[in-house]
Every structure is written in C-alpha cells, then in structure tokens.
Enquirer: 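My questions all concern the structure below.
Everything quoted here is computed from the prediction, not taken from an experiment.
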Amino acid sequence: MEYSRSFLASFLLALLLNLSNGQPLVPALFIFGDSVVDVGNNNHKFTVMKANFPPYGRDFENHYPTGRFCNGKLATDFTAEVLGFTSYPPAYLNLNNKGNNLLNGANFASAASGYYEPTAKLYNAIPLRQQLEYYKECQNKLVEAAGQSSASSIISDAIYLVSAGTSDFIQNYYINPLLNKFYTIDQFSDTLLRFYSDFIQSLHALGARRIGVTSLPPIGCLPGAITLFGFNSNECVASLNSDAITFNVKLNTTSHNLQNMLPGLNLVVFDIYQPLYDLVTKPSENGFFEARKACCGTGLIETSILCNRKSIGTCTNSSEYVFWDSFHPSEAANRLLADSLVAAGISLIS
C-alpha cells in the first residue's frame, strides 16, 4: 500500500511537471532545522557538529563533503529534484553574494539545533530563532533581486520544510540531568511543542503558507542511541521510541490546531517514524543488509568529527546500510524516505 501511494504521488508529480513545461512545481524551497537537513551552515562555525570532511560526501557530486551528514544526498535533496529543481537550496551562510542565487530558496538548517534553544547553544549551533532572522534577511535580498511583487509571490508560493526535535532529546534531554531530573518527558515534549507553535506562527507571519514539518523518527533505533541507551542490547530502545510516538501524536494535534487558527496555512506533518522504522526492522525487504550498525567506522557511535577518514571499519558499499553514521541515514535510505515525503506532501503543491 505504501509503495502504491508513493508511486501514485510520483506519477502525479511527473504529470504536473509535464504540464508546467519543465519548470519547478513551486518557485522556491526554504529549509529550517537540524543535521538531518543541514547542507553546510555549520561549516564555518566553531562547533564540533560538522560534516565538511571525508568520508562525508564521498558519494555526493564530485565526491565532495559539503557539510551534509551523509555519504551523499539528503531526503530533501531528492525532494527538490522531484519538485523539478535542477539545484539544491544553498546553505545560506555559505553564500558570499546573496541575490539571484536565493530565487529558488535557501537552507538555514544547523546541525544540533532544535525547537529548544538551549540545545543549539550547547553545541554552538544556530537556533531556530536565529534561522528565522536569517530568513528575514533573505526576504530583503529577494526584494532587492526580484522586486517586491515577484518576491511576494516567491514567498507565498514556496514550500517551507522544518526538521527538528531529535537533537533536543538525544543530544540534550536524555544526557542532561539539569533537564531530565526536573522535567518529565511529557513536560519537556510540551515545552518543545510550544516553541514549535511559536516558530510556525512566526513563519506564517512572514508570509509562509505551505509548510511541511517532519515528525520525530524512531529515535530508539538510531545506532548511536542503541549504543548509548540500549544497555548492551542490539535492539531498538523501546522507551525512546515510545517517547517519539507520544511526541508525534502531540505534534499532529498542535499542527491541526495551528492549521485551524492561521488563515491560509497549509501545514502538513510528514511521518518519518514509520518509514524509517520499517527500514530498520525489515532491512532485507527494503534492499539493505545492515540496520544495527552504520557504515562509518564501527557504526556504533561515530558521527561528526568521530566519523573521519581515519575511522577504522568504514564500509565500502554504503547502499547496503540504512545508516551512514550512527545518527543519520545513508543516501540509499534517504532516497526511500524522500518517497514518503513526496507522497505525504502532495497537498502542498496541488
């Protein structure tokens, strides 16, 4: 059923692309969030959360490490291709000149960022609030480059993608006694959702009307999470997955309320949990050989600077692995996850 749904969505998009004479289905794509969608904004920041060195990017264009936490393309890269773009939204902070190169969108995401601002500050990442400030600056640059009328059309007709929350749990709450000793998981989730609601309202106030937000993935199935919190088990950590499921239910409720409250808003929640859970629990059925370990190094804990050219044990064929490093999917997995994004997000462009 899921395959049929993805196929139908892709068919409809192909049909729409044909009717649009090869032009992208939307004028621009703007991306906010964390390492799952970061394409290099952290490259020049003083932070350990970077991926602009080998073996990251070894299967990307020209085998170049752009700052993506992957061996190749992200799910959002594949999504951009399906939408008809011939290039990907650039990392905003990597642009020396900001003008015409923003006409098709920009990426403001920063690895280790989250809905909870202190999470980003712990790792000197770019908080969502600051990402929004960069977007405001971007809007002014768009007006300068295209004129007020065209810029307004780009802003209102663009698709906005938001991916955050995982870092708030994995890189903050679960390891931070200042949080987990004083706040229950429900209290912390509610706090994150208040920040999420504020962010969506701010984005809407700036003209965004088509917004897609990803759910939490099965965080208990990430190789690094199993290593850190699995108590020597090789199975997904059930308690962490339960936290993610509970958060996602609240995310859907909050998003539904926002949709009813904000005029003209089309807000879609992309379920990343189930598609990734299926890849992890049924790897061979989806064309993978390994789901417990990632490709980079031992596959148990390496990410960011721990995943480097000297990491011992890095696999030679990452397409057999669901995960590239211990917290991020491989390009092969991202391709399949993008199918789910496209299927769920068809309403954002139709």
Side-chain angles (χ1 to χ4, degrees), residues 1-3 5-6 33-37 75 113-116 119 128 161-176 179-180 183-197 199-200 211-231 233-259 267-283 285-286 288 291-292 294 322-323 326-329 333-334 336-341 343-345:
M1 179 65 73
E2 185 61 37
Y3 173 81
R5 184 179 174 215
S6 296
D34 56 20
S35 59
V36 175
V37 291
S113 189
Y115 294 122
Y116 189 58
T119 300
L128 279 178
L161 297 178
V162 184
S163 171
T166 299
S167 295
D168 292 315
F169 288 96
I170 297 292
Q171 293 173 256
N172 198 353
Y173 182 82
Y174 291 135
I175 62 173
N176 186 350
L179 283 178
N180 59 46
Y183 299 97
T184 67
I185 193 70
D186 275 340
Q187 289 172 332
F188 186 64
S189 293
D190 290 342
T191 297
L192 296 186
L193 288 163
R194 283 194 294 272
F195 284 117
Y196 161 70
S197 179
F199 180 80
I200 296 299
I211 304 175
V213 56
T214 60
S215 70
L216 281 186
I219 53 179
C221 294
L222 304 178
I226 296 175
T227 301
L228 291 172
F229 309 111
F231 302 105
S233 168
N234 284 321
E235 302 298 323
C236 295
V237 184
S239 61
L240 270 61
N241 280 350
S242 177
D243 293 342
I245 291 171
T246 300
F247 177 88
N248 289 341
V249 170
K250 293 182 177 182
L251 176 67
N252 276 286
T253 299
T254 303
S255 300
H256 179 74
N257 292 338
L258 286 167
Q259 172 114 354
L267 178 59
V268 174
V269 176
F270 298 127
D271 174 25
I272 293 300
Y273 185 100
Q274 194 61 48
L276 185 54
Y277 185 78
D278 288 343
L279 297 186
V280 171
T281 56
K282 296 177 285 189
E285 293 181 24
N286 291 283
F288 294 97
R292 164 61 183 101
V322 174
F323 294 97
S326 65
F327 290 98
H328 303 96
N334 280 330
L336 297 179
L337 294 175
D339 289 343
S340 296
L341 286 177

Enquirer: Supply the atom-to-atom distance T281 OG1 to Q274 CD, rounded to the nearest 0.5 angstrom.
Expert: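 The CD atom of Q274 is 7.5 Å from OG1 of T281, to the nearest 0.5 Å.
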Enquirer: Tell me every residue that passes side-chain hydrogen bond (donor to acceptor under 3.5 Å, both in side chains) with N334, counting only those two or more places apart in sequence or in another chain.
Expert: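 With neighbours one apart ignored, the set is empty.
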Enquirer: What residues form a side-chain hydrogen bond (donor to acceptor under 3.5 Å, both in side chains) with Y116, not counting sequence neighbours?
Expert: none
Enquirer: Return the minimal non-hydrogen interatomic distance between C236 and V280, and the atom names on each side.
Expert: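 Where C236 meets V280 most closely, the heavy atoms are SG-CG1, 4.0 Å.
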Enquirer: Do S340 and D271 pass the side-chain contact (heavy atoms from CB on, under 4.5 Å) test, and can you show the C-alpha distance, the side-chain angles, and the key distance before you say yes or no?
Expert: CA-CA 8 Å; S340 296; D271 174 25; over 6 Å; no
Enquirer: Verify the neighbour count for atom CZ of F199: are there more than 12 heavy atoms of other residues, nucleotides or ligands below 6.0 Å?
Expert: yes
Enquirer: Pair T191, R194 - check side chain to side chain donor-acceptor pair (under 3.5 Å), show working.
Expert: CA-CA 5 Å; T191 297; R194 283 194 294 272; 3.1 Å; yes
Enquirer: Given the rule in the side-chain contact (heavy atoms from CB on, under 4.5 Å) test, do L240 and F169 qualify, once you have shown the distances and angles that lead to the verdict?
Expert: CA-CA 9 Å; L240 270 61; F169 288 96; over 6 Å; no
Enquirer: I'd like to know if the side chain of S215 and the backbone of I272 have a donor-acceptor N/O pair within less than 3.5 Å.
Expert: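 Flag set: sc S215 to bb I272 pair under 3.5 Å.
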Enquirer: If you count the non-hydrogen atoms of other residues, nucleotides and ligands that lie under 6.0 Å from CD in E235, is the total more than 12?
Expert: no
Enquirer: Working to the nearest 0.5 Å, report the span between SG of C221 and OH of Y273.
Expert: 6.0 Å
Enquirer: Run the side-chain contact (heavy atoms from CB on, under 4.5 Å) test on V37 and V162 for me, step by step, so that the C-alpha distance in whole Å, both residues' side-chain angles and the decisive distance to 0.1 Å come before the verdict.
Expert: CA-CA 9 Å; V37 291; V162 184; over 6 Å; no
Enquirer: Identify each donor-acceptor pair in which a side-chain atom of residues 243-250 lies under 3.5 Å from a protein atom, sequence neighbours left out, and give them as a table.
Expert:
{"unit_1": "D243", "atom_1": "OD2", "unit_2": "Y174", "atom_2": "OH", "d": "2.7"}
{"unit_1": "T246", "atom_1": "OG1", "unit_2": "S242", "atom_2": "O", "d": "3.0"}
{"unit_1": "N248", "atom_1": "OD1", "unit_2": "L216", "atom_2": "N", "d": "2.8"}
{"unit_1": "N248", "atom_1": "ND2", "unit_2": "L216", "atom_2": "O", "d": "3.1"}
{"unit_1": "N248", "atom_1": "ND2", "unit_2": "A244", "atom_2": "O", "d": "3.3"}
{"unit_1": "K250", "atom_1": "NZ", "unit_2": "D186", "atom_2": "OD1", "d": "3.4"}
{"unit_1": "K250", "atom_1": "NZ", "unit_2": "D190", "atom_2": "OD1", "d": "2.9"}

Enquirer: Rounded to the nearest 0.5 Å, how far does CZ of F323 lie from CZ of R292?
Expert: 10.0 Å
Enquirer: Nearest 0.5 Å, please: how far is CG in D34 from CD1 in I170?
Expert: 11.5 Å
Enquirer: To the nearest 0.5 angstrom, please state how far the CD1 atom of I200 sits from the CD1 atom of I211.
Expert: 4.5 Å
Enquirer: So which atom in P218 and which in N241 form the shortest heavy-atom distance, rounded to 0.1 Å?
Expert: C-OD1, 3.1 Å
Enquirer: Mind checking ring pair (Phe, Tyr, Trp, His ring centres under 6.0 Å) for Y173 and listing every partner two or more places apart, or none if nothing turns up?
Expert: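 F188.
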Enquirer: Checking F195 against D168 for the side-chain contact (heavy atoms from CB on, under 4.5 Å) test, could you report, in this order, the C-alpha distance in whole Å, the side-chain angles of both residues, the deciding distance, and whether it holds?
Expert: CA-CA 12 Å; F195 284 117; D168 292 315; over 6 Å; no
Enquirer: Minimum heavy-atom separation for G224 and F327, please, with both atom names.
Expert: CA-CZ, 3.6 Å
Enquirer: Picking from V269, T166, L341, L251, what satisfies side chain to side chain contact (heavy atoms under 4.5 Å, CB included) with T214?
Expert: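 Single pass found, and it is L341.
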Enquirer: Taking side-chain hydrogen bond (donor to acceptor under 3.5 Å, both in side chains) as the definition, give me every residue that meets it alongside N286, ordered by chain and number, with sequence neighbours left out.
Expert: none
Enquirer: Taking the side chain as every heavy atom from C-beta outward, state whether F229 and I175 have any pair of such atoms under 4.5 Å apart.
Expert: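 Result yes, sub-4.5 Å side-chain heavy-atom pair found.
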Enquirer: Looking at A333 and V322, what are the two nearest heavy atoms and their distance?
Expert: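 Here A333 and V322 meet closest at CB-O, 3.2 Å.
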Enquirer: Locate the shortest heavy-atom distance separating S113 from S167; write the atom from each residue and the value.
Expert: O-CB, 3.4 Å
Enquirer: Taking side-chain hydrogen bond (donor to acceptor under 3.5 Å, both in side chains) as the definition, give me every residue that meets it alongside S326, ordered by chain and number, with sequence neighbours left out.
Expert: none
Enquirer: Can you name the nearest heavy-atom pair linking L128 to A164, along with the distance?
Expert: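 Shortest heavy-atom separation between L128 and A164 comes out as CD1-CB, 4.4 Å.
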Enquirer: Measuring from atom OG1 of T254 to atom CG of L192, what distance do you get when rounded to the nearest 0.5 angstrom?
Expert: 10.5 Å
